[in-house]
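This report refers to the structure that appears directly beneath it.
Below, chain A is the first sequence line, B the second, and so on; all start at residue 1.
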Amino acid sequence: MSSDAIEPDRRDFLVLVGNAFAAVGAASLLWPFIQQMNPDASTKALSSIDVDLAPVKEGQAITVMWRGKPVFVRNRTKSEIESAVKVDVKNLPDGLARNENLPDEDPATDANRTMKGHENWIIIIGICTHLGCIPKGQALGDERGEFGGWFCPCHGSQYDTAGRIRKGPAPRNMEVPPYAFTSDSKIKIG
Amino acid sequence: MSGHTSTYEPTSRWGKWFDERLPIARVMHGQFVDFPTPRNLNYLWTFGGILTFILGAQIITGVVLAMHYQPSAAGAFDSIEQIRRDVNYGWMIRNFHAVGASMFFFAVYIHIFRGLYYGSYKAPREVLWILGVIIMLLMMATAFMGYSLPWGQMSFWGVTVITNLFSALDTIINGLGTAIVEWLWGGYSVSGTTLNRFFSLHYLLPFVLAGVVGLHLWALHTAGQNNPTGLDLKEPSDSVPMHPYATSKDAVGLFAFLILFAWFVFFEPDYLGHADNYIEANPLVTPPHIVPEWYFLPFYAILRSFTSTFLWVIPLGQYAKLCGVLAMFSAVLIIAFVPWLDTSRVRSSKYRPIFKWFFWFFVFTCLALGYLGSMPAEGVYVMWAQIFTVCYFLFFLVAMPIIGLIETPKKLPRSITDSVLGGSTAMPNGAAASPEKR
């Protein structure tokens, strides 16, 4: 190189702009290849279901599928409701309601985990928040753990009758899916 | 490749013509026929050849299985049974592949412990070692996706548990973990969509693996092989040509290994698997006790050992899951840093009286973690898993750096030839294995 500083000329500018253009183009082509792995239109289309609650008597529970996930629907007994209501939110490992029908920061009181006027129904996504197993406790003979709710056999997480984590490795309460009562005994999930 | 030049001389006219245009025979001859190999290699050095053989066998049997397998949630489970019952020799080829995965890990673990014991990771073999860690990671990813393909209960729930590991990121940025997990699944839960992409990647990764194995060999032949003394090749009598000496020893090791392999294939094909995987995947029922394949058990034990209270006093609370996930990945990645964690200048543990004991305790730690990973996560098993998890990391982070500084190594032989023929002159205490390189 000569000792004189070479002024960047028109050609340098064109090379720079040309390469930059090609690089941005190549990078933007990555997005379709990443996005194709996300849930497709047919998967998203299955996003709401109707459930008839009439056949579920007090103390019974049913499991329905929503978006490929099991949803626990339990008609709680009086004593199950009482034991969930009297828990102090301050003592819970996860103090948030985790209810998609409510704001994110609402506390995990029993009222916030259920629907006003339908407090006997607890409706949650039946997936342990630890590593995604299905907790036991839906069938009458199942092990329900120390708190009478659900017990995850994989790594021993224990949930209470409001589906809140009480003991074990799971970090969060089981999630309440978006749902609404369409009549006194029917709900729409999603 | 290395400083060694091939002695290949083409004899025919055609050979000369070809050699001037593509010297592949010259390169292969130089690297795999007259390549100088330490004369004192023991049978632990035959595992590299054994592993290359298994990779080739897995690719061949895998290509055949893919001709009969149906990668869909509806067809996968039945097509495996069809391969086992109806396809001509399908039972045998399927067993080769399934048992082959276990044999692959069995051999690779011996290969890694060999490297740890004889200090094969030390200069100038750091890149060789790191490529080995990358190979192990690729093997783990491939085996994990392969295990999902039969679409049995263990396949389904294993995938569910392991992909859910990424949801631990929700504790750092809310929603990030869930977004990653749904991206991996292609849905809101593990489904046939997930199975299809795993099949595609399971077919791809072995070829990536073969590429990295090529680099691993290139790095090996650049630095030259380590050996039980850890000394460098110094004089011509220290080495023998690879063929027929090392190749015939490799063949003996390989055949012995194949006897074990064949015994499993023909007499105990399902011993290393899990009975629950012969129940078709059911998204509504979790098996009472989820366990991964045996080769993942130590890492699984580390993952599960992080509970809301770690070792009686350390409160982890809702970070328990994140800590477990980070510890499990760190347990593999920390191996890549071994060349810099070990401060000793002597390679072989043969001459390291203190480190040798810690090495065997580390082997015991890994076996203990493997046993604990197969047990239910409750009571005393959790406590022991926590203790051995701490031991696992202490070996790398405390034992390796400190022992190298305080230990007085035994006398090293002057050369490989002396170690074999019993030469009289020995190096003084504490002398480096390769002082000329530093």
A quick test of your reading: do over 12 heavy atoms of other residues, nucleotides or ligands sit less than 6.0 Å from CG of A:Asp9? yes
B:Arg197 versus A:Gln36, closest heavy-atom pair with distance: NH2-O, 4.3 Å
More than 12 foreign heavy atoms under 6.0 Å from CH2 of A:Trp121: is that the case here? yes
Measure B:Ile290 against the heavy atoms of chain A and call it side chain, backbone, both or neither at under 4.5 Å. side chain
Tightest non-hydrogen contact, residues B:Glu182 and A:Pro39, listed as O-CD, 3.8 Å
Work out which heavy atom in B:Trp183 is nearest to a heavy atom in A:Ile34; give both atom names and the distance. NE1-O, 2.7 Å
Counting only heavy atoms from other residues, nucleotides and ligands, does the tally under 6.0 Å from CZ of A:Phe21 exceed 12? no
Nearest atoms (heavy-atom pairs only) where B:Tyr188 meets A:Arg67: CB-O, 3.4 Å
With B:Thr286 as partner, the option from A:Pro135, A:Cys152, A:Cys133 fulfilling side-chain contact (heavy atoms from CB on, under 4.5 Å) is A:Cys133
Checking A:Pro93 against chain B: side chain, backbone, both or neither under 4.5 Å from a heavy atom? neither
Could you work out, with salt bridge (charged side-chain N to carboxylate O under 4.0 Å, His left out) as the rule, every residue matching A:Arg74, not counting sequence neighbours? A:Glu80
Do B:Ser189 side-chain atoms and A:Gly68 backbone N/O form a donor-acceptor pair below 3.5 Å? yes
Please classify the contact of A:Lys44 with chain B as side chain, backbone, both or neither, using a heavy-atom distance under 4.5 Å. both
Interface residues of residues 146-162 of chain B facing chain A - non-hydrogen atoms under 4.5 Å apart: B:Trp157, B:Thr160, B:Val161
Check whether any side-chain heavy atom of B:Thr193 lies under 4.5 Å from a side-chain heavy atom of A:Asp40, and answer yes or no. no
Heavy-atom neighbours of A:Asp184 CG exceed 12 at 6.0 Å: no
With a 4.5 Å cut-off on heavy-atom pairs, point out which of A:Pro153, A:Gly156, A:Ala170 contacts chain B the most. A:Pro153
Distance col, row B:Thr194:OG1 vs A:Met37:CE, nearest 0.5 angstrom, shows 9.0 Å
Minimum heavy-atom separation for B:Lys321 and A:His130, please, with both atom names. NZ-O, 2.7 Å
Candidate pair B:Leu165 and A:Leu131, rule side-chain contact (heavy atoms from CB on, under 4.5 Å), full reasoning: CA-CA 6 Å; B:Leu165 294 179; A:Leu131 293 172; 3.5 Å; yes
Report which part of A:Asn38 has an atom under 4.5 Å of a heavy atom belonging to chain B: side chain, backbone, both, or neither. both
More than 12 heavy atoms of other residues, nucleotides or ligands under 6.0 Å from OH of B:Tyr319: is that the case? no
How many angstroms lie between atom CD of A:Gln138 and atom CG of B:Leu284, to the nearest 0.5 angstrom? 10.0 Å
